[in-house]
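The analysis underlying the following values was restricted to heavy atoms, covering all of them including side chains, and did not include hydrogens, waters or symmetry mates.
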Amino acid sequence: MAAADRKQNIVSALCKHLSMLSLDPNSYSTNLEKDIKSLCIDIFNSSPNGPSITKDNELMKWVEFASNFPVDSGTSLKALSELNEDLSKKSVILGNGLKISEADIVIFAAVHSSVISLSNSDRNKLPNLLRWTDYIQTKGDVGDAFQKILLEKVQFEPPAAKCVKKVEVESNAKKTDTETKPASSSDVDLKKKNNTGVKKAAADNQTSAEKKLPEKVDDKDKDISVSMLKLQIGHIKKAWKHPSAESLLVEEIDVGEAKCRQVVSGLAKFCSPEQLTNRLVVLVTNMKPSKLRDITSEGMVLCASNEDHTVVEPLIAPEGAKVGECISFAGHDGKPEDVLNPKKKQFEKIAVNLFTDDKGVATFKGIPFMTSAGPCTSSIPRATVK
């Protein structure tokens, strides 16, 4: 994209976002010789809150980023990677929960043409950027000038799925290598002799691979939204050992309601009651109450676990998160179920897509668990969450 076209897109999107409908973006066409930062400042100063906007140092830093964003694809990929890294722990550019700011609009308009021309392999390396892009083009008022960036082929892959894919690729490579070699008569005889053994080994390998895959989800359930869950920040007021089960702990958890909730968790092998007391956790609060060894549990503490389940810990709520506030996910704004239906296995269908990323940020399909103070995390990277 030519620099002039990029400037025009930024001007149009920013005017639209600021609801300056009486201002024709084309009136800036004669000023496109200015750099992007100068154009943005002109538009900010024309808005009612102009002085306060231009004094926002963090916002102006991102305007500078847009102004310096490279045009050529090679250099732009590096800049997009840096943006992807910055978005790994927040939903929007300025990190104001889910609130879209002028910085989001300016950056979206600046990088749009580069993102839309990315190859699928490059897109898969930028999950945070693609998640943010989808949110801005869905929720942001950027106008109709931008071609929608399709994300169907960009998927978050659980660790186990990647392991299986690697096994399949290596297996196919070996198979191709074997097929390219000319077969002698002795090779044919040997192949016939070992045919039964090969089939059995292949069946065993398939069974082994299937065991590594996460729980399968029916096609009708693959689009189930995490917004069905009501996830709240809870404060563990006290914890004690379950009187009749060595593996269970009982916690009294405040989620901002009139009465604390009593929750039973299978954490006795991994945490002591003292380690849990006064800790902030993420609690599923719309699960149907159930009895675990004669004690009623009114929720579920979400925990991260390594692959062999030898290390388990509750998700870590960021410092400053408010007791009772709900966890949000960019692009998933649906209303939680009043009570999850255990027979429909709603939680289980969502849980197959709950993981921590390489930095330990808790995510649903790569979208961070966000609070008003930032994302929830774990000290265990690439962990399952349930």
Side-chain angles (χ1 to χ4, degrees), residues 1-20 25 28 32 34-44 47 49-50 53-73 75-118 122-123 125-151 154 330-331 366-368 370 374-375:
M1 170 183 281
D5 292 334
R6 176 178 292 173
K7 292 176 184 179
Q8 189 65 60
N9 283 347
I10 291 174
V11 168
S12 298
L14 200 51
C15 288
K16 178 74 173 174
H17 173 72
L18 293 171
S19 300
M20 297 165 62
Y28 286 87
L32 291 183
K34 291 186 176 182
D35 61 25
I36 289 173
K37 182 177 180 179
S38 299
L39 284 169
C40 289
I41 290 175
D42 286 348
I43 296 173
F44 293 152
S47 69
N49 298 320
I53 295 176
T54 54
K55 288 179 182 179
D56 187 332
N57 293 332
E58 185 68 13
L59 168 60
M60 295 311 297
K61 182 191 82 172
W62 285 105
V63 171
E64 188 78 35
F65 176 89
S67 187
N68 296 328
F69 190 79
V71 176
D72 66 285
S73 58
T75 313
S76 66
L77 181 58
K78 181 180 179 182
L80 290 176
S81 297
E82 293 173 357
L83 181 56
N84 177 74
E85 179 76 13
D86 191 83
L87 287 165
S88 65
K89 292 189 176 182
K90 54 189 180 182
S91 292
V92 290
I93 295 293
L94 297 184
N96 300 325
L98 295 174
K99 184 180 179 181
I100 295 173
S101 68
E102 290 79 10
D104 292 286
I105 301 302
V106 172
I107 297 298
F108 177 85
V111 306
H112 177 271
S113 62
S114 296
V115 174
I116 209 164
S117 62
L118 286 172
D122 285 337
R123 288 188 177 201
K125 297 174 186 175
L126 305 170
N128 304 311
L129 173 67
L130 270 293
R131 176 261 306 160
W132 167 80
T133 301
D134 186 50
Y135 182 62
I136 301 303
Q137 70 183 5
T138 303
K139 300 296 182 181
D141 194 3
V142 294
D144 303 321
F146 298 94
Q147 179 183 347
K148 189 172 180 63
I149 299 171
L150 301 178
L151 306 178
V154 182
I367 303 171
M370 288 300 298

*asked:* Among residues at least two apart in sequence or on other chains, which ones pass salt bridge (charged side-chain N to carboxylate O under 4.0 Å, His left out) with Glu58?
replied: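 Here the qualifying residues are Lys61.
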*Report the C-alpha separation of Glu102 and Ile43 in whole Å, then their side-chain angles, then the decisive distance to 0.1 Å, and conclude whether the side chain to side chain contact (heavy atoms under 4.5 Å, CB included) test is met.*
CA-CA 11 Å; Glu102 290 79 10; Ile43 296 173; over 6 Å; no
Considering all heavy atoms of both residues, which atom of [X] and which atom of [Y] are nearest to each other, and what is their separation?
X: Val92; Y: Lys99; value: CG2-O, 3.4 Å
X: Pro368; Y: Ser88; value: CG-O, 4.0 Å
X: Ile93; Y: Asp86; value: O-OD2, 4.4 Å
X: Ala110; Y: Phe69; value: O-CD2, 3.9 Å

*Mind checking what makes side chain to side chain contact (heavy atoms under 4.5 Å, CB included) contact with Ser67, not counting sequence neighbours?*
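Once residues adjacent in sequence are excluded, the partners of Ser67 under the side chain to side chain contact (heavy atoms under 4.5 Å, CB included) criterion are Asp35, Ile36, Lys37.
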*asked:* Asp122: which residues meet the side chain to side chain contact (heavy atoms under 4.5 Å, CB included) condition with it, sequence neighbours left out?
replied: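 Partners of Asp122 under the side chain to side chain contact (heavy atoms under 4.5 Å, CB included) test: Leu77, Leu118, Ser119, Lys125.
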How long is the gap from [atom1] on [X] to [atom2] on [Y], to the nearest 0.5 Å?
X: Trp132; Y: Leu126; atom1: CH2; atom2: CG; value: 12.0 Å
X: Ile100; Y: Leu94; atom1: CD1; atom2: CG; value: 11.5 Å
X: Ile105; Y: Cys40; atom1: CD1; atom2: SG; value: 11.5 Å
X: Ser113; Y: Ile116; atom1: OG; atom2: CD1; value: 8.5 Å

Side chains of [X] and [Y]: does their closest heavy-atom pair fall under 4.5 Å?
X: Arg131; Y: Leu87; result: yes
X: His112; Y: Thr133; result: no
X: Phe44; Y: Val63; result: yes

*Could you list the residues that satisfy side chain to side chain donor-acceptor pair (under 3.5 Å) with Asn128, not counting sequence neighbours?*
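For Asn128 there are no side chain to side chain donor-acceptor pair (under 3.5 Å) partners, ignoring immediate neighbours.
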*If you measure only the distance, is there a donor-acceptor pair under 3.5 Å linking the side chains of Ser81 and Asn84?*
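No - no donor-acceptor pair under 3.5 Å links their side chains.
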*Do Lys7 side-chain atoms and Ile10 backbone N/O form a donor-acceptor pair below 3.5 Å?*
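Not confirmed, Lys7 side chain does not pair with Ile10 backbone.
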*asked:* If the test is side-chain contact (heavy atoms from CB on, under 4.5 Å), which one of Asp56, Ile107, Val106 qualifies with Trp62?
replied: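 That would be Ile107.
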